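From a predicted model like this one, the values you see are computed outputs, not experimental measurements. Heads up: numbering here begins at 1 and tracks the sequence. In what follows, every heavy atom counts, from backbone to side chain, and hydrogens, waters and symmetry copies are set aside.
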Amino acid sequence: MIHIPPTSPAGFTMGWQQPPTSSPTPNPLDWHDWSPNPLDGETPPKPNVVISKPFFIDRYPVSVGDFWAFVHSVPSYIPTSYEFNDTYVFQGEFASLDVSESLNVINGYSQEVPWWVNVKGVHWNTPPINTDDNPAASFVHTLSNIDPPALDRLKHPVVHVSFLDASKFCAWRNGARLPSETEWEYAARGGKEGRVYPWGNLDLTSNGDYRANYFQGTFPSQNEARDGHLFTNERGAFPPQNNYGLVDMVGNVWEWTTTDFDETNKVKKGGSFLCEKSYCFRYRNAARSRNTPDSTASNLGFRCVSDVGY
């Protein structure tokens, strides 16, 4: 885990701030001509937010291998996707609709976001990854909760886990917990004020390299994967994103927090491999979205925090 110091007495500013005009001009779809959805609650920014005590946070999102150790140690625990036998899967993870129908996993499409398919038989130990032989349909549908995941999945972030699953895991891991939204955003900012991303204000490096895993192309039908990843990436695919050494704070998978978005939803942070600038520009420090605590999906994971570290 990474030690995160308390804020100064002046605190930090939480939420969306337009970067200074002196910053280099980014590409046309970047933040200079953009503003967040007011319904997301990023604005107005909240200055002088104080965290009075240090804490520790996982360097990486919790992995498939980590979660496997948990369910192997606590076989009586039934994760949410196994309890209800459904989860949400991005349509691009199927090679074709015919394939998904032949696997008998189609349970229905979301009317509001039809690229999400509610399916049966997909769980935490069957995350989507890139494969050479079948890059668009690379998950298994026959594993039980106590079956080990494939070795090539162990270092990918665990997905198809609910807020309830994540909370149970963190408590099992030496009494850790999920972060609050404030803790998560403060850690993501890495000690910097008014920055769009954990590393600064420009999405690419000076060499044109990507610093995070998000969607490039025409969403949702064509992912050009210029960052090298169609779906989740394993640990170490990208360098640390901020001065604290935290990895994949934005992009890769959304991460649960303990903060209530409203009466029925929890805040999730960080965006995911499905975020694309023209549709879901949420791979940012201030970005926030929501899900009900029993929701599971193929781009939703978590990391833990602790008051004492481990």
Side-chain angles (χ1 to χ4, degrees), residues 1-17 40-63 66-67 69-70 157-158 161-200 235 240-262 265-271 282-291 293 300-310:
M1 301 191 93
I2 301 295
H3 176 265
I4 307 297
T7 63
S8 70
F12 78 105
T13 300
M14 189 172 174
W16 171 253
Q17 294 176 284
D40 284 351
E42 293 184 41
T43 54
K46 303 176 182 65
N48 308 120
V49 177
V50 173
I51 293 178
S52 59
K53 296 181 180 180
F55 62 95
F56 295 81
I57 188 168
D58 285 339
R59 182 185 298 272
Y60 307 97
V62 170
S63 72
D66 295 332
F67 204 79
F70 165 60
V158 67
V161 284
S162 68
F163 172 84
L164 310 173
D165 299 331
S167 299
K168 288 284 188 181
F169 173 92
C170 290
W172 168 80
R173 184 185 265 183
N174 298 321
R177 56 183 172 81
L178 289 172
S180 67
E181 180 182 14
T182 301
E183 290 172 323
W184 191 100
E185 186 168 329
Y186 175 59
R189 291 185 178 278
K192 295 182 177 181
E193 278 282 311
R195 300 297 193 270
V196 177
Y197 310 108
W199 54 84
R235 289 179 176 177
Q241 291 179 338
N242 66 17
N243 291 337
Y244 292 148
L246 297 176
V247 179
D248 292 335
M249 288 297 284
V250 298
N252 206 12
V253 294
W254 283 100
E255 298 182 11
W256 287 109
T257 77
T258 59
T259 300
D260 292 334
F261 190 97
D262 53 31
N265 292 279
K266 292 291 185 181
V267 172
K268 60 181 182 179
K269 297 285 284 184
R282 291 191 176 98
Y283 47 97
R284 299 175 290 104
N285 294 323
R288 63 204 303 265
S289 191
R290 63 192 183 275
N291 274 113
L300 180 53
F302 67 101
R303 73 180 75 206
C304 304
V305 298
S306 172
D307 297 321
V308 296
Y310 50 78

Could you walk me through whether Phe163 and Thr257 pass the side-chain contact (heavy atoms from CB on, under 4.5 Å) check?
CA-CA 8 Å; Phe163 172 84; Thr257 77; over 6 Å; no
Under 4.0 Å between a side-chain nitrogen and a carboxylate oxygen: does that hold for [X] and [Y]?
X: Asp58; Y: Arg173; result: yes
X: Asp248; Y: Arg59; result: no
X: Glu255; Y: Lys268; result: no
X: Lys266; Y: Asp260; result: yes

In Å and rounded to the nearest 0.5 Å, what is the [atom1] to [atom2] distance from [X] to [Y]?
X: Trp254; Y: Arg290; atom1: CH2; atom2: CZ; result: 10.5 Å
X: Thr43; Y: Lys46; atom1: OG1; atom2: NZ; result: 8.5 Å
X: Tyr244; Y: Met249; atom1: OH; atom2: CE; result: 11.0 Å
X: Ser8; Y: Ile51; atom1: OG; atom2: CD1; result: 11.0 Å
X: Phe12; Y: Glu185; atom1: CZ; atom2: CD; result: 5.5 Å
X: Ser167; Y: Trp256; atom1: OG; atom2: CH2; result: 9.0 Å

Any side-chain heavy atom of [X] within less than 4.5 Å of one from [Y]?
X: Arg177; Y: Ser306; answer: no
X: Phe261; Y: Val267; answer: yes
X: Ile4; Y: Pro54; answer: no
X: Pro6; Y: Ser52; answer: no
X: Tyr186; Y: Phe55; answer: yes
X: Asp40; Y: Ser289; answer: no
X: Met14; Y: Thr182; answer: yes

Criterion side-chain contact (heavy atoms from CB on, under 4.5 Å) on Arg288 and Arg282, from CA distance to verdict:
CA-CA 7 Å; Arg288 63 204 303 265; Arg282 291 191 176 98; over 6 Å; no
Under the side-chain hydrogen bond (donor to acceptor under 3.5 Å, both in side chains) test, residues paired with Glu42 that sit two or more places apart
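For Glu42, the residues satisfying side-chain hydrogen bond (donor to acceptor under 3.5 Å, both in side chains) (neighbours in sequence not counted) are Arg284.
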Contacts of type side-chain hydrogen bond (donor to acceptor under 3.5 Å, both in side chains), residue Arg195, not counting sequence neighbours
none
Over all heavy atoms of both residues, which pair between [X] and [Y] is shortest? Give the atoms and the distance, please.
X: Ile57; Y: Ala187; answer: CD1-CB, 4.1 Å
X: Ser180; Y: Thr258; answer: CA-OG1, 3.4 Å
X: Val161; Y: Leu300; answer: CG2-O, 3.8 Å
X: Cys304; Y: Val62; answer: SG-CG2, 4.2 Å

Where do Ile2 and Phe56 land on the side-chain contact (heavy atoms from CB on, under 4.5 Å) test, with the steps shown first?
CA-CA 5 Å; Ile2 301 295; Phe56 295 81; over 6 Å; no
Which word best sums up how the rings of Trp172 and Phe169 line up, parallel for under 30°, tilted for 30 to 60°, or perpendicular for over 60°?
tilted
Would you please classify the geometry between the Tyr283 ring and the Tyr197 ring as parallel, tilted or perpendicular, with 30° and 60° separating the classes?
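Parallel: the ring planes of Tyr197 and Tyr283 meet at under 30°.
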For [X] and [Y], indicate whether the former's side chain and the latter's backbone hold a donor-acceptor pair under 3.5 Å.
X: Asn242; Y: Ala188; value: yes
X: Gln241; Y: Val250; value: yes
X: Asp66; Y: Ala69; value: no

Just wondering, more than 12 heavy atoms not from Lys192 lying within 6.0 Å of its NZ?
yes
Let's go through Leu246 and Tyr60 carefully: what are the C-alpha distance in whole Å and the side-chain angles of both, what is the deciding distance for side-chain contact (heavy atoms from CB on, under 4.5 Å) to 0.1 Å, and is it a yes or a no?
CA-CA 7 Å; Leu246 297 176; Tyr60 307 97; over 6 Å; no
Does the side chain of Glu193 pick up a donor-acceptor pair with the side chain of Thr13 at under 3.5 Å?
yes
Of Pro61, Cys170, Pro179, the residue whose pairing with Phe302 passes side-chain contact (heavy atoms from CB on, under 4.5 Å):
Cys170
